[in-house]
Amino acid sequence: MIKVNNLHKKFKKQHVLKGINTTIEKGEVVVVIGPSGSGKSTFLRCLNLLEVPSKGEVLVEDISITSKDTDINKLREKMGMVFQQFNLFPHMNVLENITLAPIKVKKMSKQESEEIAMNLLKRVGLEDKAYSYPNQLSGGQKQRIAIARALAMSPDVILFDEPTSALDPEMVGEVLEVMKSLASEGMTMIVVTHEMGFAKEVGDRIIFMDEGIIAEEGSPEHIFNNPQNPRTKEFLSKVL
Ligand code: ADP
Ligand code: MG
């Protein structure tokens, strides 16, 4: 579904991604772990062109995202993104947050988009919050709304960048539960997280990033029980 060939990203003189190579299959849940500053967010953001790669290639369903013939908006429709800070529109209620892109981008009718939104709200357990505003919601609720908003576009893949890092501990579980259920329904997901329990249980593959490269990748069993790279071992000794 996604193929990454020798992806590099530089900010001015800082070389942040130094040649990332990987392939993400349809239905796969890939968990990206690694120290702060290792380039995890930049990697995700290059996949949907929130950052423009300096070198290399990203193919999404065989289409090169950086080719000048590629319609970047069409591409982004296929790729949902969920951020640490939720990024809900504060002046819109929940229903408006979820239906905005389907109406504007997909030209869906208001009625159809609201039906879909209500079903998604049920799915994330928040049907009673349709007319609430973001500032009336807890962090966990906001993040479940952000996930519903991503799902409203029927994406082929969802990128999660530390979706539970801004949450109070008691709210982490409710968000991970929603993500778990998406994974079990076959959604393709790339998840940057420090939740090692989730990584072990839900990840099909773990990518360990360090200083702008994939230092090691493999099954959760391999990475957590039998890591080969000293950097992986050192990182895991700090977080487990
Ligand atoms: P991680 O998500 O693993 O913590 P990031 O991808 O956010 O790492 O950042 C990797 C490095 O790139 C950091 O040193 C960060 O300061 C730098 N960086 C990230 N985004 C930008 C940007 N837009 N402009 C300049 N430097 C950036
Ligand atoms: Mg980050």
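Source: prediction; values computed, not measured. Counting starts at 1 for both ligands and their atoms, in listed order.
For residues 207-230, every residue pair satisfying the ring pair (Phe, Tyr, Trp, His ring centres under 6.0 Å) rule, not counting sequence neighbours, is listed here: F208-F235.
Numbered from 1 in the order shown, with element, the atoms of ligand 1 that lie under 4.0 Å from a heavy atom of E51 read 23 (N). Within ligand 1, the atoms closer than 4.0 Å to a non-hydrogen atom of P35 are 3 (O), numbered from 1 in the order shown.
Residue, atom and distance of the protein heavy atom nearest to atom 7 (O) of ligand 1 are S41 CB, 3.6 Å. The single protein non-hydrogen atom nearest to atom 12 (O) of ligand 1 is V16 CG2, 3.2 Å, given as residue, atom name and distance. Protein heavy atom nearest atom 6 (O) of ligand 1, with residue, atom name and distance: T42 OG1, 2.5 Å. Among all non-hydrogen protein atoms, the one lying nearest atom 8 (O) of ligand 1 is G39 N, 3.3 Å. When hydrogens are left out, the protein atom nearest atom 22 (C) of ligand 1 is F11 CE2, 3.3 Å; that is the closest non-hydrogen contact.
Of all the listed residues (C46, G34, G37), G37 holds the heavy atom that lies closest to atom 1 (P) of ligand 1.
Contact of the I24 side chain with the R205 side chain is registered, since non-hydrogen atoms from C-beta on lie closer than 4.5 Å. For the pair I206/I33, a side-chain contact is recorded, criterion being any heavy-atom separation below 4.5 Å from C-beta on. Within the 4.5 Å cutoff, no side-chain heavy atoms of D161 are placed close to those of Q84. Side-chain contact between V58 and T66: absent, with no pair of heavy atoms (C-beta onward) separated by less than 4.5 Å. In this structure the side chain of T188 never reaches within 4.5 angstrom of the side chain of I2, judged on heavy atoms.
For CD of Q111, the number of neighbouring non-hydrogen atoms (other residues, nucleotides, ligands) closer than 6.0 Å is 12 at most. Atom NZ of K106 is surrounded by more than 12 heavy atoms from other residues, nucleotides or ligands within 6.0 Å. Within 6.0 Å of the CG atom in D62, the count of heavy atoms belonging to other residues, nucleotides or ligands does not exceed 12.
Not one N or O on the side chain of D210 forms a donor-acceptor pair closer than 3.5 Å with the backbone of A215.
Of all the heavy atoms of Q14, the ones lying under 4.0 Å from any atom of ligand 1 belong exclusively to the side chain. Under 4.0 angstrom from ligand 1, there are no non-hydrogen atoms of M209.
G212 does not count as a contact of ligand 1, since none of its heavy atoms falls under 4.0 Å from the ligand.
Counting only protein atoms, the N, O or S atoms lying less than 2.8 Å from the Mg ion (ligand 2) are S41 OG, ordered by chain and residue number.
For the pair R149 and F86, the cation-pi criterion (under 6.0 Å, within 45° of the ring axis) is not fulfilled.
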